[in-house]
Amino acid sequence: MPLAIEVRGLIHKYDDVTAVNGIDLDVSEGECFGLLGPNGAGKTTTVEILEGLLEPTAGLVRVLGQSWKGNANALRQRLGIALQETTLADRLTVREIVVLFRSFHDRGVDPDAVLATVGLVDKKDEWVMKLSGGQKQRLAIACALVGEPDLLFLDEPTTGLDPQARRDLWEVVGNVVRRGKTCLLTTHYMEEAERLCHRVAIVDKGKVIALGTPAELIGRLGGSQVLEFGSAPEMTAETLEGLPGVREARHVLDRWRLTVDAAHEAVPALLERLRLHGAALTALSTHQASLDDVFVLLTGRTLRGDA
Amino acid sequence: MNPTPPRLLGPLWELVLARLREFFREPTAIFWTYGFPTVLALALGIAFSGGTDPKAIPIAVLDGPRQAARVGTLRQDPGLSVVSLCEDEARRRFEGARIVLAVSGDDEARYLFDPTHPEADATRRRVDDLLQRAAGRQDAIVTRSDLVQAPGSRYIDFLVPGLIGMNIMSSSMWGIGYALVEARKRKLLKRLAATPMKRSHFLGSFLIARMVFLATEVAAILAFAVPVFDVRFQGSILAAALLCVAGAMAFAGLGLLASSRTTSTETVSGLMNLIMLPMFVLSGVFFSASHFPDWMQAFIRPLPLTMLNDGLRAVINEGAGVGDVALPIVALAGGALVTLAVGLRWFKWT
Ligand SMILES: Nc1ncnc2c1ncn2[C@@H]1O[C@H](COP(=O)(O)OP(=O)(O)O)[C@@H](O)[C@H]1O
Ligand SMILES: [Mg+2]
């Protein structure tokens with residue numbers, strides 16, 4: 001597969017912050033690739049360099065086989081972009097905006113067809129200021145799609161949306177991806193990356209700390225379920241030693257997170273161990289292992305940044 | 001609408017259309033651009049016109065044997081409003097100019113007036129004439145008065161070109177400067193910079209839209225002032241149009257400069273007010289800039305609003321043609337070229 005994006009040794013420094021600190025990426029044509037990481041990881045900076053909006057401090061960037069130098073206009077014709085946050089206008093209608101963006105591109109699709117793709121047909125004559133957050137995001141995606149791009153950049157398309165609007169947007173993006181559009185998406189929602197992306201790079205502090213398909217990355221945890229509990233007094237690594245089926249134990253905030261093969265075997269063993277040490281259970285939950293757990297495993301923090 | 005618009009006109013046309021739509025869908029912008037100058041012209045025009053029916057001049061006749069006779073004589077002049085007073089009361093009424101003049105009620109006519117009051121001297125002569133004639137003085141020659149209202153010489157005639165100039169300044173600066181910073185703040189500029197849109201098209205659309213607004217703004221003020229206050233447009237329409245376009249471009253250039261790197265709308269508002277405020281005061285919008293002392297004139301004359309206002313007055317009130325106002329036209333156009341070029345060079349999209 002030819003590469004749609006090729007990045008080697010990318011570094012970007014703002015005055016005193018190194019936002020991107022040596023990133024390598026390969027994104028194939030037809031792939032939906034996710035940059036997953038907490039706020040401030042350097043995702044937007046990376047994407048804006050790829051979009052030709054920022055000059056990298058160092059490193060090699062090729063987009064659709066070309067470097068930005070000397071090819072800016074040709075490249076812009078072929079990219080579709082939704083920035084992390086943009087207010088396109090207040091008092092223009094949805095359709096007027098899409099027609100405007102269509103006019104910038106030499107080729108493209110019918111604005112009404114794009115509005116159908118993102119599910120905004122019944123809002124096409126509405127002023128942008130009257131749209132909900134989710135509808136504004138769908139409009140941003142419509143503007144990105146209307147130039148019939150070979151490569152689509154979506155920077156945190158669902159940040160700030162309520163869960164229902166987020167699921168609706170996944171539906172829209174999922175359809176675009178399924179039709180084989182190459183797409184680079186950033187997010188700090190692991191569920192979003194798991195649902196939409198073929199491959200994911202987990203980014204933290206300007207570096208890629210893990211790369212692979214969501215299944216591969218979760219597989220690295222060794223177990224398929226995560227058991228999270230709190231107790232008084234707190235257990236220690238020693239007092240948890242030797243619990244059956246526990247692959248990995250991590251202490252995050254005031255909780256322990258145990259990666260286990262099967263929760264129904266681990267839970268009784270854990271309760272027995274707590275009783276032995278005279279500790280009372282204060283919280284207990286189990287969930288399917290996710291990319292969030294991968295991030296915790298790698299960094300000791302959660303993606304939401306609450307540790 | 002055609003899904004594939006004509007290539008050449010397409011993006012520029014769509015951008016201009018977007019500017020026009022956004023403007024005409026914003027009620028407050030419409031008021032400040034069209035309503036405000038009209039209201040101002042109406043208020044000031046009414047306050048300072050008064051020429052057709054001047055108010056009667058308040059005077060007093062003081063207590064004395066001839067008081068009643070003199071009151072009777074003077075009341076025949078409808079331009080005077082006469083009261084009988086004692087001298088103490090009359091002296092009090094000079095305070096605040098509640099009377100302009102008092103004449104004694106004795107055989108000898110003694111006049112009391114404040115010589116610094118602008119109408120005092122004329123009133124004294126007017127009253128004196130009436131009293132002398134009533135006492136039997138014969139005029140040596142027959143006189144007659146023909147009242148002339150010279151076009152272009154009233155306050156409203158002075159005011160209207162100033163309002164046009166002021167409106168061009170503020171709408172050009174706000175329309176360019178504020179709108180660009182707003183677009184930058186919303187990251188719209190960044191988003192557009194990521195498209196294949198020609199950057200010249202974007203800034204060109206602002207200037208083209210400005211021309212449309214300019215024409216309608218000036219037309220709105222004239223459409224109001226001409227029928228309501230009988231303001232006469234004496235000179236060359238082409239000269240006025242060139243002045244307006246050059247002035248609007250010069251102020252658009254200043255707006256572009258103020259906005260070229262600013263990211264907050266508060267900062268750009270402050271910057272533009274800093275540029276505009278001195279001109280509001282100094283450049284002869286509401287009163288002639290010639291009231292300022294000579295040493296300030298060297299600074300006031302080259303201000304773009306001074307050039308625009310003086311040029312518009314020369315054309316509208318004094319009948320000047322293109323040749324007469326060529327200097328301000330060229331100076332404003334030159335200023336526009338420089339400010340637009342520098343503003344573009346400094347302009348930051350992201
Ligand atoms: N314009 C800027 N100037 C200075 N620092 C910046 C700027 N933009 C981003 N940063 C910093 O760079 C780091 C990475 O930011 P960003 O790329 O926006 O991360 P993400 O998109 O993953 O949240 C953060 O520490 C952020 O504060
Ligand atoms: Mg970001």
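Every chain is numbered from 1 and lettered A, B, ... according to where its sequence line falls, protein lines coming before strand lines.
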Segment of B:Glu182 engaging chain A (4.5 angstrom heavy-atom cut-off): neither

Between B:Lys190 and A:Glu48, is the salt bridge (Lys or Arg N to Asp or Glu O under 4.0 Å) condition met? List the steps. CA-CA 10 Å; B:Lys190 189 189 249 185; A:Glu48 289 189 353; 2.7 Å; yes

Ranking A:Gly52, A:Gly80, A:Ala74, A:Ala89 by heavy-atom pairs under 4.5 Å to chain B gives rank one to A:Ala89

Please check if atom NZ in B:Lys187 has more than 12 non-hydrogen atoms from other residues, nucleotides or ligands closer than 6.0 Å. yes

Distance in Å, A:Glu55 CD paired with B:Thr350 OG1, rounded so as to fall on 0.5 Å steps: 10.5 Å

Return the minimal non-hydrogen interatomic distance between B:Pro11 and A:Ser103, and the atom names on each side. CA-OG, 3.4 Å

Is the backbone of B:Ala193 close enough, under 3.5 Å, to the side chain of A:Arg76 for a donor and an acceptor to pair up by distance? yes

Less than 4.5 Å to any heavy atom of chain B: does that hold for the side chain of A:Asp90, its backbone, both, or neither? both

Any idea which of B:Ala183, B:Ala18, B:Ala194 has the most non-hydrogen atom pairs under 4.5 angstrom with chain A? B:Ala194

Is there a donor-acceptor pair closer than 3.5 Å between any side-chain N or O of B:Arg191 and the backbone N or O of A:Ala140? no

Examine whether an atom of A:Phe101 lies under 4.5 Å from a heavy atom of chain B, and if so say whether it belongs to the side chain, the backbone or both; otherwise answer neither. side chain

Before accepting this row, confirm whether a basic side-chain N of the pair B:Glu14/A:Arg102 lies closer than 4.0 Å to the acidic partner's carboxylate O. no

Is it the case that over 12 heavy atoms from other parts of the model lie below 6.0 angstrom from the CD atom of A:Glu171? no

I want to check something: taking the side chain as every heavy atom from C-beta on, are B:Leu15 and A:Leu100 in contact at a cut-off of under 4.5 Å? yes

Pairwise side-chain contact, B:Arg186 with A:Thr86, heavy-atom cut-off 4.5 Å (strictly under): no

Contact origin within B:Thr195 toward chain A - heavy atom pairs under 4.5 Å: both

Give a yes or no on this: more than 12 heavy atoms of other residues, nucleotides or ligands lie within 6.0 Å of atom CD of B:Glu26. yes

Would you indicate whether the side-chain heavy atoms of B:Leu188 and A:Leu88 approach each other to under 4.5 Å? yes

Quick one: are B:Trp349 and A:Leu53 in side-chain contact, heavy atoms under 4.5 Å? no

Using 4.0 Å as the upper bound for N to carboxylate O, is an ion pair formed by B:Arg25 and A:Glu96? yes

